[in-house]
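Note that the coordinates shown come from a computational prediction; the quantities given were computed from them, not determined experimentally. Any value given below was found using the heavy atoms of this structure, including those in side chains, with hydrogens, waters and symmetry copies removed.
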Amino acid sequence: MCGIVGYVGAQAALDVVMAGLKRLEYRGYDSAGVAVPADGGLAAAKRAGKLVNLEKALVERPLPAGTTGIGHTRWATHGAPTDANAHPHLDNAGRVAVVHNGIIENFAVLRAELTERGHDLASETDTEVVAHLLAEEFSATADLAEAMRLVCRRLTGAFTLVAVHADDPDVVVGARRNSPLVVGVGEGEAFLASDVAAFIAHTRSAIELGQDQVVELRRDGVTVTGFDGRPAEVRSYHVDWDASAAEKGGYDYFMLKEIAEQPKAVADTLLGRIDAAGSLSLDEVRIGAGELREVDKVVIIACGTAFHAGLIAKYAIEHWTRIPCEVELASEFRYRDPILGHRTLVIAISQSGETMDTLMALRHAREQGSKVLAICNTNGSTIPRESDAALYTHAGPEVAVASTKAFLTQLVACYLVALYLAQVRGTKWGDEIGAVIRDLSRIAGAVERVLETMEPVRALARTLASKDTVLFLGRHVGYPVALEGALKLKELAYMHAEGFAAGELKHGPIALIEEDLPVVVVVPSPQARSVLHDKIVSNIQEIRARGARTIVIAEEGDEAVAPYADHLIRIPATPTLLQPVVATVPLQVFACELATARGNEVDQPRNLAKSVTVE
Ligand code: F6R
């Protein structure tokens with residue numbers, strides 16, 4: 001949510017910053033802007049709309065060249081997406097420029113104070129107060145980092161701030177509280193960004209910033225302190241993917257590339273986690289076996305697609321470990337006073353590791369004495385850092401706003417955690433766990449096979465482009481898959497889409513069925529739990545009898561459903577609990593193609609941002 005870039009070094013700052021913003025545009029695309037201290041002053045440009053508008057403006061009116069710069073791509077919170085509300089924001093003298101991600105909760109009080117002191121604020125944003133406060137503090141201290149510390153101590157809320165000042169043109173200063181900011185360290189240059197993708201083309205050497213820290217970037221080094229000015233301990237790390245991973249690589253959209261990368265992402269997430277004897281070794285789970293044996297409840301917290309992964313994980317955890325498991329939307333969790341204790345294991349699932357709702361929920365859980373295990377895709381992000389342990393998914397960078405490969409790897413990570421709990425607690429025999437691991441290690445191949453047969457799904461999607469509504473049905477683990485299929489369609493195709501537990505249909509939603517309404521049904525494996533399978537075959541007949549156009553996702557060899565399917569999408573036979581890994585893939589392809597057919601922006605759906613860092 002908002003992308004931020006800062007640069008100091010020997011290169012043309014504007015080029016570095018604009019290239020960085022391009023990589024961060026997935027975080028927000030309501031407006032974009034840059035500022036460069038140059039020729040004794042500060043040059044800035046900003047435009048409402050996508051980055052391309054700013055690019056055009058810079059061609060029409062180029063900024064003077066400088067080697068220090070900052071940039072921003074916005075997801076609007078305070079104030080409409082206009083030029084005036086676009087970042088950077090400057091003080092009245094135009095000497096300091098600041099960009100911001102997050103929400104400054106006490107901005108109204110600060111704004112009133114500043115207005116009283118004669119400042120003239122030009123935007124509706126919460127951010128602008130920071131530029132004016134920084135200008136005041138810089139006049140008193142002549143030190144931008146110190147000015148930033150003094151200002152941050154007065155702010156409440158969540159913020160990443162990055163600033164430059166015309167009077168100290170070789171410095172970029174950043175600050176963070178509850179919002180992401182990483183440092184990139186190069187040879188004679190340094191970078192600041194919301195995400196390493198912004199500087200990965202220049203350096204893979206990164207520094208994680210902690211809470212309430214201020215960083216000062218100069219060509220010859222990086223200094224990090226707390227808001228109180230004391231030197232801070234930081235963790236350096238090497239980014240284990242390169243620039244090509246954050247590029248489209250010949251695909252029209254990142255989403256298509258990320259869908260295609262799923263077999264590898266799934267395989268990579270299993271890699272190194274199964275030892276030679278076939279047992280699970282999750283060294284990262286730094287919660288002792290003794291403590292895990294004591295766990296009497298698992299609570300999963302997550303949002304959106306990650307929440308759907310959690311819903312599926314519940315089936316696996318309860319089935320394999322017999323520990324009761326609750327799954328809760330992170331945004332609701334702490335407000336209902338949940339019952340937690342030191343024997344509750346909380347699992348926080350997040351691709352970005354920065355989702356504010358999930359972060360706040362995990363903090364609440366830790367305050368109540370529960371241990372938190374994060375399942376996360378982003379090294380150095382806040383959620384794993386604030387958890388007791390983290391299990392990373394190895395999906396690589398996910399750029400498209402709609403989550404695909406991260407979801408599949410979250411499922412794999414959840415299965416691993418469930419099996420690990422079963423192993424530690426002895427609720428499954430070693431050979432039973434080994435059998436599931438063997439099934440898991442075949443699943444990347446199954447996803448590959450699904451991807452090879454997607455042309456009919458794309459063709460079908462194109463024929464439905466003028467429909468208003470699509471419903472999705474599933475039972476057991478197929479129910480969260482239905483929810484995920486509906487979410488993908490809403491966010492990408494902007495269609496009314498809803499997922500239902502197939503058994504619930506007769507309790508109300510069946511009234512929605514009308515002639516030719518497309519209904520996608522996820523059919524469980526006919527081999528295991530045949531009751532489930534039989535029931536859903538009846539559900540398909542019920543809706544078809546009422547005129548629905550049935551789009552049935554069923555395993556190869558499942559002939560019982562064929563007579564009732566207007567369209568049959570085949571997936572490889574997979575054990576029931578693991579089926580969501582393969583069954584979700586056609587739904588991703590379906591939504592992506594429908595979005596394209598409807599002329600929507602696949603990678604950047606309207607109103608959304610990849611990383612949701614506000615509550
Ligand atoms: C949907 C989607 C979102 C995210 C949700 C949580 O395609 O991507 O629903 O799943 O915003 O994000 P993370 O996983 O980063 O916490």
Side-chain angles (χ1 to χ4, degrees), residues 304-305 307-315 318-319 327 329 407 457 460-461 463-464 466-555 558-571 574 576-577 579-580 582-588 590-591 594:
T305 287
F307 172 71
H308 297 154
L311 290 175
I312 293 163
K314 173 185 165 77
Y315 290 85
E318 291 191 338
H319 184 68
V327 191
L329 287 168
F407 176 68
V457 175
L460 169 65
T463 66
L464 300 177
S466 60
K467 293 279 180 194
D468 298 322
T469 300
V470 181
L471 302 184
F472 294 77
L473 305 182
R475 274 182 178 262
H476 193 260
V477 288
Y479 168 43
V481 173
L483 295 177
E484 176 61 7
L487 176 62
K488 287 280 104 69
L489 205 62
K490 278 179 233 188
E491 67 179 326
L492 292 163
Y494 316 151
M495 290 167 85
H496 172 229
E498 280 193 71
F500 297 108
E504 268 299 293
L505 209 64
K506 56 189 177 296
H507 299 290
I510 200 160
L512 292 170
I513 307 290
E514 55 187 18
E515 199 57 35
D516 209 35
L517 178 81
V519 183
V520 180
V521 190
V522 183
V523 179
S525 169
Q527 296 144 21
R529 298 169 184 273
S530 58
V531 185
L532 211 61
H533 181 266
D534 296 350
K535 292 265 183 310
I536 210 152
V537 175
S538 306
N539 297 142
I540 301 172
Q541 292 180 58
E542 286 154 17
I543 54 168
R544 201 154 182 268
R546 287 161 177 82
R549 179 172 343 172
T550 54
I551 302 165
V552 175
I553 301 180
E555 290 189 352
D558 180 353
E559 295 313 326
V561 289
Y564 315 110
D566 294 310
H567 308 273
L568 192 52
I569 300 169
R570 289 295 190 186
I571 53 174
T574 316
T576 307
L577 283 169
Q579 199 207 45
V582 286
T584 308
V585 177
L587 302 182
Q588 300 167 337
F590 182 69
L594 255 168

Does Tyr315 reach the main-chain N or O of Leu577 with its side chain, forming a donor-acceptor pair under 3.5 Å?
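Judged by distance alone, no pair lies under 3.5 Å.
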Looking at Gln579 and Val523, would you say the former's side chain and the latter's main chain have a donor-acceptor pair under 3.5 Å?
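At least one qualifying donor-acceptor pair exists.
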Partners passing salt bridge (Lys or Arg N to Asp or Glu O under 4.0 Å) against Glu515 (at least two apart in sequence or in another chain)
none
Return the set of residues passing salt bridge (Lys or Arg N to Asp or Glu O under 4.0 Å) with Glu504 (not counting sequence neighbours), or none when no residue passes.
none
Taking only residues two or more places apart in sequence or in another chain, which ones pass ring pair (Phe, Tyr, Trp, His ring centres under 6.0 Å) with Tyr564?
none
Between Gln588 and Val585, is a side chain to side chain contact (heavy atoms under 4.5 Å, CB included) present by the stated rule, with each step listed?
CA-CA 5 Å; Gln588 300 167 337; Val585 177; 4.2 Å; yes
List the residues meeting side-chain contact (heavy atoms from CB on, under 4.5 Å) with [X], not counting sequence neighbours, and say none if there are none.
X	result
Lys467	Leu464, Met495, Asp516, Pro518, Arg549
Ala545	none
Leu329	Phe307, Ser331, Glu332
Ala502	Leu473, Arg475, Ile536, Asn539

Heavy-atom closest contact ([X] atom, [Y] atom, distance):
X	Y	result
Asp558	Val561	O-CG2, 3.5 Å
Ala560	Val537	O-CG1, 4.1 Å
Gly310	Val327	O-CG2, 3.5 Å

Within this structure, what is the [atom1]-[atom2] distance for the pair [X] and [Y], rounded to the nearest 0.5 Å?
X	Y	atom1	atom2	answer
Arg546	Ile510	CZ	CD1	4.0 Å
Ile553	Ile571	CD1	CD1	6.5 Å
Ser466	Leu594	OG	CG	9.5 Å
Phe590	Ile551	CZ	CD1	4.5 Å

Would you say the side chain of Thr469 lies within less than 4.5 Å of the side chain of Leu512, judging by non-hydrogen atoms?
no
Residue pair Val457 / His567, side-chain heavy-atom distance below 4.5 Å:
no
Side chains of residues 478-492: which donor-acceptor partners sit under 3.5 Å, not counting sequence neighbours?
from: Glu484; atom 1: OE1; to: Thr305; atom 2: OG1; distance (Å): 3.0
from: Glu484; atom 1: OE1; to: His308; atom 2: ND1; distance (Å): 2.8
from: Glu484; atom 1: OE2; to: Thr305; atom 2: OG1; distance (Å): 3.2
from: Glu484; atom 1: OE2; to: Lys488; atom 2: NZ; distance (Å): 2.6
from: Lys488; atom 1: NZ; to: Thr305; atom 2: OG1; distance (Å): 3.0
from: Lys488; atom 1: NZ; to: Ser403; atom 2: O; distance (Å): 2.8
from: Lys490; atom 1: NZ; to: Ala497; atom 2: O; distance (Å): 3.4

Could you list the residues that satisfy side-chain hydrogen bond (donor to acceptor under 3.5 Å, both in side chains) with Thr550, not counting sequence neighbours?
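With sequence neighbours excluded, Thr550 shows a side-chain hydrogen bond (donor to acceptor under 3.5 Å, both in side chains) to Asp566, given in chain and number order.
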Please list, chain by chain and in numerical order, all residues satisfying side-chain hydrogen bond (donor to acceptor under 3.5 Å, both in side chains) with Thr463, sequence neighbours excluded.
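With neighbours one apart ignored, the set is empty.
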Going by side-chain contact (heavy atoms from CB on, under 4.5 Å), Val519 matches just one of Ile540, Val552, Ile513. Which one?
Ile513
